[in-house]
Amino acid sequence: MIYREPAQEIPVFGTYDVVVAGGGTAGMIAGLGAARSGAKTLVIERMGYLGGQFTGFMNTSWTCSDQIKRCVGGIAYEYFQRIEELGGVENPDYDRDAYILYDSERAKYAITDMYEKEENLDALYLTMVTKAIMEGRKLKGVIIENKSGRQAVFAKQFIDCTGDADLLEFSGSHYEELEPENQHPASLIAKISNVDVEKLKEYYEARPKLQKGERYLGHLPHAGFYGFRLAEELEGITLPEELEYLRDWFILFYSTPNPGEMILNMTGTTALDGTDAAAVSRGTDMSIKRMWQVLPLFRKYVPGFEHAFIAATAPALGVRESRKVIGGVRLTCETILNAQKYPDAVCSYQSPLGYHTPDGKDITFARMKPGTAYDIPLRSMVPADVDGVIAAGRNISVESKACGSTRSMSNCMTLGHCAGVIAAWAAENGREMREIPNDTLRRILKEQDIYFAEADNETTVKE
Ligand SMILES: Cc1cc2nc3c(=O)[nH]c(=O)nc-3n(C[C@H](O)[C@H](O)[C@H](O)COP(=O)(O)OP(=O)(O)OC[C@H]3O[C@@H](n4cnc5c(N)ncnc54)[C@H](O)[C@@H]3O)c2cc1C
């Protein structure tokens with residue numbers, strides 16, 4: 001059924017140089033990148049805080065090493081250091097090949113504090129971008145909706161950091177989206193308190209064998225990062241039919257800098273279209289239920305969890321994969337593992353290609369050669385068929401099996417920084433973002449401490 005909405009006059013909230021849709025992992029840094037480049041910038045965010053998956057959704061592990069040295073710089077690195085100053089990082093050795101564990105609440109405060117110091121930068125919370133205002137193929141404005149009603153916002157350039165490429169959908173751009181049953185599963189994260197982390201660590205160190213895909217990184221002073229199944233603990237135990245899935249279910253949990261606190265990431269909600277609100281609602285209900293199914297088993301069968309409780313669940317389901325831009329270059333496992341270089345690179349990056357199998361039962365990892373890094377070209381961020389908008393974050397152009405690397409949070413932040421700089425350049429020069437000359441792009445980004453790996457002849461694409 002269709003309802004035809006009557007045309008109406010609505011107020012204009014403001015006119016900016018750069019507007020960022022979505023103030024999550026990439027978007028919060030995009031706002032800083034644009035504002036520090038001199039652009040009057042607005043970040044529009046549907047939740048009541050900045051940071052998306054990195055803060056309120058309670059992820060607490062990032063990677064930023066090429067297995068030899070740190071390969072993330074710029075505002076992302078500045079932000080990590082700010083979180084560290086607040087005592088929010090468990091193991092701050094950024095050169096080391098490890099998951100860096102952090103506290104998402106300190107991360108939320110750190111970004112709020114960084115925003116407060118910026119002159120050109122505004123953030124508008126609890127606001128959805130719901131529609132694009134087009135002039136031909138050029139995005140000129142967006143419609144926003146919040147408690148104040150419906151308003152329009154205009155800008156010279158837009159950055160789509162919604163994760164789901166909402167702006168591309170609204171502007172009529174073609175995008176890539178796999179069938180839900182072929183996408184990486186979504187997960188709701190929970191914060192578990194009152195875990196005896198030392199006891200847990202002793203248990204895992206003594207545990208005789210790791211099963212397929214299991215890993216235990218217990219080398220950290222107080223804690224670790226664990227990926228495991230409950231099959232061994234549940235051997236010989238009779239379970240109700242609806243809990244049988246838990247024997248073989250892949251569960252991740254990792255510690256935070258807060259005593260007795262662990263993050264549980266296990267719900268693997270499969271075949272979910274992250275852009276379908278009704279499907280996401282049902283997926284969220286199921287994930288909350290699963291959380292409460294697994295906790296009693298943890299308490300009974302995993303030493304250290306005896307007195308643990310669920311302190312909080314994330315405000316929404318975390319979606320790993322949905323719509324992605326169709327630009328001039330699509331990154332693949334091959335381009336990543338071969339450390340491919342491009343003349344229009346915005347940065348270089350390395351992190352494992354973590355592939356969450358669509359059935360939710362496993363995560364496989366492919367690793368790059370230590371010390372190498374692949375380029376992310378501007379053309380994988382700029383849609384081919386719409387002007388005035390660039391994508392940054394997990395929505396860039398990349399094949400599904402490879403997006404586990406490009407969507408890593410440190411990379412999303414770097415892409416946000418780069419997109420902010422590029423959008424500010426285009427706004428100032430009255431040009432399109434795809435028109436920034438390669439040498440200008442690299443010079444400005446290098447000046448801002450963005451990491452570029454040196455190209456060698458074998459990995460450079462000649463164009
Ligand atoms: C459960 C889970 C665990 C993960 N674990 C890790 C990990 O340990 N380490 C790691 O590096 N990566 C991890 N990832 C991947 C990583 O978190 C994401 O790929 C990354 O955070 C995506 O960044 P983003 O900016 O694209 O999206 P997000 O951080 O999700 O930001 C998108 C923002 O846009 C807002 N938004 C969306 N639509 C609109 C709209 N229409 N209007 C206004 N605002 C809107 C959202 O509220 C959100 O704040 C995990 C992902 C998930 C789902």
Side-chain angles (χ1 to χ4, degrees), residues 17-43 45 49-55 59 62-65 70-86 88-89 92 94 100 102 104 106-123 157 159-161 163 345-349 351 373 376 378 381 390-394 396 406-428 433 436 441-452:
D17 294 322
V18 174
V19 160
V20 182
T25 314
M28 64 177 161
I29 306 295
L32 287 164
R36 289 181 185 180
S37 305
K40 186 183 166 208
T41 304
L42 175 70
V43 177
E45 169 54 43
Y49 55 85
L50 290 166
Q53 237 7 91
F54 190 78
T55 60
N59 283 6
W62 79 66
T63 55
C64 63
S65 164
R70 174 169 59 84
C71 63
V72 173
I75 303 173
Y77 182 50
E78 175 191 329
Y79 179 37
F80 296 162
Q81 288 174 302
R82 185 76 190 96
I83 303 168
E84 187 189 334
E85 278 164 26
L86 295 169
V89 181
Y94 304 119
I100 311 266
Y102 69 97
S104 54
R106 287 178 178 98
K108 199 190 272 183
Y109 169 62
I111 193 70
T112 312
D113 191 47
M114 284 166 80
Y115 264 55
E116 212 175 82
K117 297 183 170 69
E118 296 295 328
E119 282 186 359
N120 289 327
L121 186 55
D122 276 337
Q157 297 294 336
I159 308 178
D160 188 335
C161 292
V346 301
C347 64
S348 307
Y349 187 65
S351 88
I376 302 203
L378 178 60
M381 301 168 73
I390 186 170
R394 68 174 166 83
I396 66 165
T406 58
R407 73 159 176 248
S408 293
M409 296 188 290
S410 56
N411 190 46
C412 288
M413 289 181 199
T414 303
L415 295 178
H417 180 165
C418 299
V421 168
I422 296 162
W425 175 89
E428 188 185 346
M433 291 183 272
I436 185 166
L441 177 68
R442 193 170 284 239
R443 178 182 50 75
I444 303 178
L445 293 175
K446 272 191 158 176
E447 280 167 10
Q448 299 200 16
D449 188 37
I450 295 295
Y451 177 71
F452 287 93

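Predicted model only: the values in this text are computed from it and were never measured. Start at 1 with the first residue, then count along the sequence. Every heavy atom of this structure was used, including side-chain atoms; hydrogens, water molecules and symmetry mates were not.
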Counting N and O atoms only, with roles assigned by atom type, does the side chain of Arg106 sit under 3.5 Å from a partner on the main chain of Ile83, one being a donor and the other an acceptor? no
Determine whether a donor-acceptor pair (N or O, by modelled atom type, separation under 3.5 Å) exists between the side chain of Asp160 and the backbone of Ala391. no
Using distance only, find each side-chain donor-acceptor pair of residues 18-25 under 3.5 Å and give its atom names and separation, not counting sequence neighbours.
none

If I compare all heavy atoms of [X] with all of [Y], which pair ends up nearest, and what's the gap?
X	Y	result
Ala76	Met413	CB-CB, 3.7 Å
Val43	Gly31	CG2-CA, 3.7 Å
Ala419	Ala392	CB-CB, 3.8 Å
Gln157	Ala423	CG-O, 3.6 Å

[X] side chain near [Y] side chain, heavy-atom distance below 4.5 Å:
X	Y	value
Leu378	Ile390	yes
Ile376	Asn411	yes
Tyr115	Met28	yes

Under the ring pair (Phe, Tyr, Trp, His ring centres under 6.0 Å) test, residues paired with [X] that sit two or more places apart:
X	answer
Tyr102	Phe54, Trp62
Phe452	none
Tyr77	Tyr94

Ile100 vs Phe80, side chain to side chain contact (heavy atoms under 4.5 Å, CB included): CA-CA, chis, key distance, verdict: CA-CA 10 Å; Ile100 311 266; Phe80 296 162; over 6 Å; no
Of Asp449, Ile75, Leu32, Val72, the residue whose pairing with His417 passes side chain to side chain contact (heavy atoms under 4.5 Å, CB included): Ile75
Could you list the residues that satisfy side chain to side chain donor-acceptor pair (under 3.5 Å) with [X], not counting sequence neighbours?
X	result
Asp113	Arg82, Lys117
Arg442	none
Ser410	Tyr349
Asn59	Gln53

With sequence neighbours excluded, tell me which residues meet salt bridge (Lys or Arg N to Asp or Glu O under 4.0 Å) with Arg443. Glu447
Just to verify, what does Glu119 make a salt bridge (Lys or Arg N to Asp or Glu O under 4.0 Å) with, not counting sequence neighbours? none
When rounded to the nearest 0.5 angstrom, what is the spacing between [atom1] in [X] and [atom2] in [Y]?
X	Y	atom1	atom2	value
Met114	Leu50	CE	CG	11.0 Å
Cys64	Met409	SG	CE	11.0 Å
Leu42	Asp17	CG	CG	11.5 Å

Residue pairs involving residues 21-42 (criterion salt bridge (Lys or Arg N to Asp or Glu O under 4.0 Å); sequence neighbours excluded): Arg36-Glu78, Arg36-Glu118
Pairs where residues 22-33 contributes a residue and the test salt bridge (Lys or Arg N to Asp or Glu O under 4.0 Å) is met, not counting sequence neighbours: none
Derivation and outcome, side chain to side chain contact (heavy atoms under 4.5 Å, CB included), residues Ile159 and Ile422: CA-CA 10 Å; Ile159 308 178; Ile422 296 162; over 6 Å; no
